[in-house]
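For reference, the structure is listed below as structure tokens.
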Protein chains: 2
Amino acid sequence: MAAEQDPEARAAARPLLTDLYQATMALGYWRAGRARDAAEFELFFRRCPFGGAFALAAGLRDCVRFLRAFRLRDADVQFLASVLPPDTDPAFFEHLRALDCSEVPLLQVSGPLLVVQLLETPLLCLVSYASLVATNAARLRLIAGPEKRLLEMGLRRAQGPDGGLTASTYSYLGGFDSSSNVLAGQLRGVPVAGTLAHSFVTSFSGSEVPPDPMLAPAAGEGPGVDLAAKAQVWLEQVCAHLGLGVQEPHPGERAAFVAYALAFPRAFQGLLDTYSVWRSGLPNFLAVALALGELGYRAVGVRLDSGDLLQQAQEIRKVFRAAAAQFQVPWLESVLIVVSNNIDEEALARLAQEGSEVNVIGIGTSVVTCPQQPSLGGVYKLVAVGGQPRMKLTEDPEKQTLPGSKAAFRLLGSDGSPLMDMLQLAEEPVPQAGQELRVWPPGAQEPCTVRPAQVEPLLRLCLQQGQLCEPLPSLAESRALAQLSLSRLSPEHRRLRSPAQYQVVLSERLQALVNSLCAGQSP
Amino acid sequence: MAAEQDPEARAAARPLLTDLYQATMALGYWRAGRARDAAEFELFFRRCPFGGAFALAAGLRDCVRFLRAFRLRDADVQFLASVLPPDTDPAFFEHLRALDCSEVPLLQVSGPLLVVQLLETPLLCLVSYASLVATNAARLRLIAGPEKRLLEMGLRRAQGPDGGLTASTYSYLGGFDSSSNVLAGQLRGVPVAGTLAHSFVTSFSGSEVPPDPMLAPAAGEGPGVDLAAKAQVWLEQVCAHLGLGVQEPHPGERAAFVAYALAFPRAFQGLLDTYSVWRSGLPNFLAVALALGELGYRAVGVRLDSGDLLQQAQEIRKVFRAAAAQFQVPWLESVLIVVSNNIDEEALARLAQEGSEVNVIGIGTSVVTCPQQPSLGGVYKLVAVGGQPRMKLTEDPEKQTLPGSKAAFRLLGSDGSPLMDMLQLAEEPVPQAGQELRVWPPGAQEPCTVRPAQVEPLLRLCLQQGQLCEPLPSLAESRALAQLSLSRLSPEHRRLRSPAQYQVVLSERLQALVNSLCAGQSP
């Protein structure tokens, strides 16, 4: 396959985005005459992140894009030549120049030994964080429940530009509703959202004169109105209603709200906590919202970024209800309350509790950086070469691998919920629904039996000979699939703390292969 | 300034790599006629990361590259139009199309209000993680001491491709010696290093026939030798010396070592723990190293990736010393011992202790993900607009900002070590060495006095009218500067746990401005 003309792919993950040892090993394979040996790697992780019993696997689209564009350019080969021994055979570099991934399917990765080795680091880089952040987002969605809107806003806390783009894309996949990241909207189709920051508010003193203070009514007919003047009139009524002096609300903040409302009359939101929520932000918001309302527009929301967010939300809702009654504008009751400020799982649980008046929750640092576990620990291990199974038999049992080319199945109960996943050798017959299977749980001394009501194959051939075997799902489709999968998981497995461990068992033949390799016999 | 032709800059941080609210605020400013108001923002953080008293500020080069290339393309403007209100004045989009950063210097960022607002998120994204990971690397360097070589190998644990590139670049700046990341070598000049993985070892069974098993002597004269056969001969001597059966070392591992040595006769390293360090990896390494030695080559190192790394290193060094004496190859004593496997600050301290035989330490996850604190919490705040100071006066004192356009100085003692940093208003006279200064520590009720022996200005004009004011230091120069700065810090400030807090004080006039704005007076 020729390298695809996809500038984003080249920018995001180039062939040299890899650990040097992949290149030194490539030379080792080449020198040993083994570059084109048929090899198979598996990309997997050993433990679900965050102490949970599930993980979302994400990043396939990025991997496919990377693989289809995989080509070493002249400059890449020259750089490798500069860091490899000076007497390296030039024919090796010719081999590198000619490499592509046309013989490589995914995510069991099979193909010529040299090239599938080179893919290790970029594939891990593309899959591990995507899966980690998607899983993190899924946990936050489970905590928030289905009703609260979740906004990802962690770009500035991410590991540079692409970390931010990956975080925004895959937190949406994991169950968030939108992102603040515009590039994620442009490149990946993530719904974007955002309003105004404190700097917008502090940039106004109240003495500015807008070039055009007039706003036409929402219906489009009738004369325009000076919104600032109209808000000033409403401010007096609002302050009287709230028992505040009309001088108390900050004039700069009100000017900022008017400026924002002039730009976004149909999507006005106020950020309430630049000066004082109760003495300034809230009365200024109400004054501008009521002025807009007179023109037939409905304000959309308020945002809080400090203090006790739940308590403030409850009190603000009361104020909205009272003002809605007082000024006869029923829509004011349901203005959205948006909160943000270092919200983690614990804070989110509180904000999502029964009776909370919070509607939208913005989360940055704790979705993007995954502070409970900032990396997934994905690995990419050789399982077969030249048709022969391979196994890492280290003295550390944690780091042993499962040998051989495999198939994977999800075994389901009669209610459709997953019982366990089963790994078997690729050449074994596919297990059937209703069949009694003898399987080996990890570390068990003897097999147990299971009779699944349904069996789902977990591996699908995605890329073969450089061609997609079926269209990849869209990001929104993947998001829906993730939510569906999670909804089918039993409550004990879905629980976020101390969940029941979800088992991955081995077929008898796979267990026998492991035993024979451990005993030092050739398979 | 025209957009620079820098494909890397466009790929790394585009103008749309920003939070949507920057664009909505831009429309708000534009609608209010304030797009070109002169504005000044400051990018800073409130607390040093990891509980320490220092941080390295990093990312300037990336910021400059981003600013010089800053231009919204047609596709960018069209995307923004699709997420802003449909009746937005087309003149706003014309304004966006014409934007560039030719009026913007760094890292106090001054320029037209609309454009410096748009820069908030990308600048934070470029500076925060770079500074965090550089600081993290500097801490690890302080723990390791100057002698141990530190290799960064966290690409696969980073937040996608660019997270990995940023981590590799700035962990080098912070004091690491090299990175496994080839792209960081190609694009940023970071020294790269790497050898072989377990998959290389497990890919050999020992039955493979290399196309050319012959290796010429290092001096280049004389006939080639079959390295595999030579290693087999040495294996018998090594096993006899170590008291092992000659069948015990894994033949596939030895074939892998031979293959690697054929490719890298001058840089042979062995990965010892694929099967068993003592019964397989070490004797196989010694056999191949001694075979190479007969041809005049010196093996470079061994790597351990599991188990008690320190204890193994101590015992391996003893074996090397005994074998060096036994086989009369003195260089074998000083073969490098390279270790890796989830090394964090605590594990590193143990590996770097007095008498440790470890030479090179590979660190991935804990340098790249900064698990102690995965984000810096950088902020970007408006401090002046139209020449008037601005301050966020929120009820949360933690989130208040310091108003006004400022200058910053480092006050040094007579031994050259920094006493404190001082912020003052830009228009105040520069403090002089030997002058008694009245300054306000944060939160103090009254001023204190300080008489610095030396005064260093901390801000330098870097970019003005789109032009660099002086060449930026190279990455290696920045790395040297960081180490020099850290060496000048007093031990109490450099301490990693419970350090003395380094003070940043305000001049009397700046304190007075804060007081007057807090009291609600116009300045």
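We name chains A, B, ... by the order of the sequence lines, and we start the count at 1 in each one. Worth knowing before you read on, the calculation uses all heavy atoms, side chains too, and leaves out hydrogens, waters and symmetry mates.
If you measure heavy-atom distances from B/T274 to chain A, the contacts under 4.5 Å come from both the backbone and the side chain. Contacts of A/L132 with chain B are absent, with no heavy-atom separation under 4.5 Å from either backbone or side chain. In this structure, chain B has heavy atoms under 4.5 Å from both the backbone and the side chain of A/S276. At a 4.5 Å heavy-atom cutoff, B/F92 makes no contact with chain A through either its backbone or its side chain. Looking at A/V192, both its backbone and its side chain come within 4.5 Å of chain B, counting heavy atoms on both sides. Looking at A/Y21, both its backbone and its side chain come within 4.5 Å of chain B, counting heavy atoms on both sides. In this structure, chain B has heavy atoms under 4.5 Å from both the backbone and the side chain of A/V182. For chain B, the nearby parts of A/T18 are the backbone and the side chain; heavy atoms of each come within less than 4.5 Å. Interface remark: A/D37 contributes no atoms to any contact with chain B (heavy atom separation under 4.5 Å). When heavy atoms are compared at a cutoff of 4.5 Å, A/Q78 does not approach chain B at all. Only the side chain of A/E120 comes within less than 4.5 Å of a heavy atom in chain B; its backbone stays farther off. With a 4.5 Å cut-off on non-hydrogen atoms, A/V383 does not touch chain B at all. For A/L376, no part lies under 4.5 angstrom from a heavy atom of chain B. Using a 4.5 Å cut-off between heavy atoms, A/R157 contacts chain B through both its backbone and its side chain. When heavy atoms are compared at a cutoff of 4.5 Å, B/A197 approaches chain A by way of both its backbone and its side chain. Heavy atoms closer than 4.5 Å to chain B are found in both the backbone and the side chain of A/A158. Using a 4.5 Å cut-off between heavy atoms, A/A75 touches chain B through backbone and side chain atoms alike.
Minimum heavy-atom separation, A/T369 to B/S375: CG2-CB, 3.9 Å. Summarising the geometry of A/A259 relative to B/A32, their closest heavy-atom pair is CB-CB, 3.8 Å, with the distance given to 0.1 Å. Smallest separation of non-hydrogen atoms from A/A263 and B/P85: O-CG, 4.2 Å.
Between atom OG of residue B/S128 and atom CG of residue A/L155 there is a gap of 10.0 Å, rounded to the nearest 0.5 Å. One finds the OG atom of A/S168 at 8.0 Å from the CG atom of B/L17 (value rounded to the nearest 0.5 Å). Atom CG in A/L262 sits 10.0 Å away from atom CG in B/L27 (nearest 0.5 Å). With rounding to the nearest 0.5 Å, the separation of CZ in B/F200 from CD in A/Q22 is 11.5 Å. Atoms CG and CG, from A/D89 and B/D212 in turn, are 10.0 Å apart once rounded to the nearest 0.5 Å. Once rounded to the nearest 0.5 Å, the distance linking OG of A/S179 with CG of B/L20 reads 9.0 Å.
When each of B/R390, B/Q117, B/K381 is paired with A/S199, the side chain to side chain donor-acceptor pair (under 3.5 Å) condition holds for B/Q117 and for no other.
A/Q388 places no side-chain N or O within donor-acceptor distance of the main-chain N or O of B/S203, the cut-off being under 3.5 Å. Not one N or O on the side chain of B/R31 forms a donor-acceptor pair closer than 3.5 Å with the backbone of A/A261. One N or O on the side chain of B/Q159 and one on the backbone of A/V368 form a donor-acceptor pair closer than 3.5 Å. B/T24 contributes a side-chain N or O that, together with a main-chain N or O of A/T195, makes up a donor-acceptor pair within less than 3.5 Å.
Judged as a salt bridge (charged side-chain N to carboxylate O under 4.0 Å, His left out), and not counting sequence neighbours, the contacts of A/D305 are A/R303, B/K399. Legend: residues meeting ring-ring contact (aromatic ring centres under 6.0 Å, His included) with B/Y275, ordered by chain and number and at least two apart, are B/H250.
Between chain B and the options A/T202, A/T166, A/L124, A/T121, the largest number of non-hydrogen pairs under 4.5 Å is found for A/T202. If you tally non-hydrogen atom pairs under 4.5 Å between each of A/L16, A/T88, A/L113, A/N342 and chain B, the highest count goes to A/L16. Put simply, of B/G164, B/S205, B/G281, the one with the most heavy-atom pairs under 4.5 Å next to chain A is B/S205. The candidate from A/V385, A/D87, A/N181 with the greatest count of non-hydrogen atom pairs under 4.5 Å with chain B is A/N181. Per-residue heavy-atom pair counts under 4.5 Å with chain B were compared for A/G377, A/S306, A/P371, and the maximum is reached by A/G377. Taking chain A as the reference chain and counting heavy-atom pairs below 4.5 Å, the highest number among B/C370, B/P191, B/S180, B/G185 is found for B/S180.
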Stepwise side chain to side chain contact (heavy atoms under 4.5 Å, CB included) check, A/R156 with B/L123:
CA-CA 8 Å; A/R156 66 189 63 186; B/L123 291 182; over 6 Å; no
A/L84 and B/F264: side chain to side chain contact (heavy atoms under 4.5 Å, CB included), yes or no, with the steps?
CA-CA 9 Å; A/L84 289 173; B/F264 295 90; 3.7 Å; yes
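Judged by the 6.0 Å and 45° rule, B/R34 forms a cation-pi pair with A/F204.
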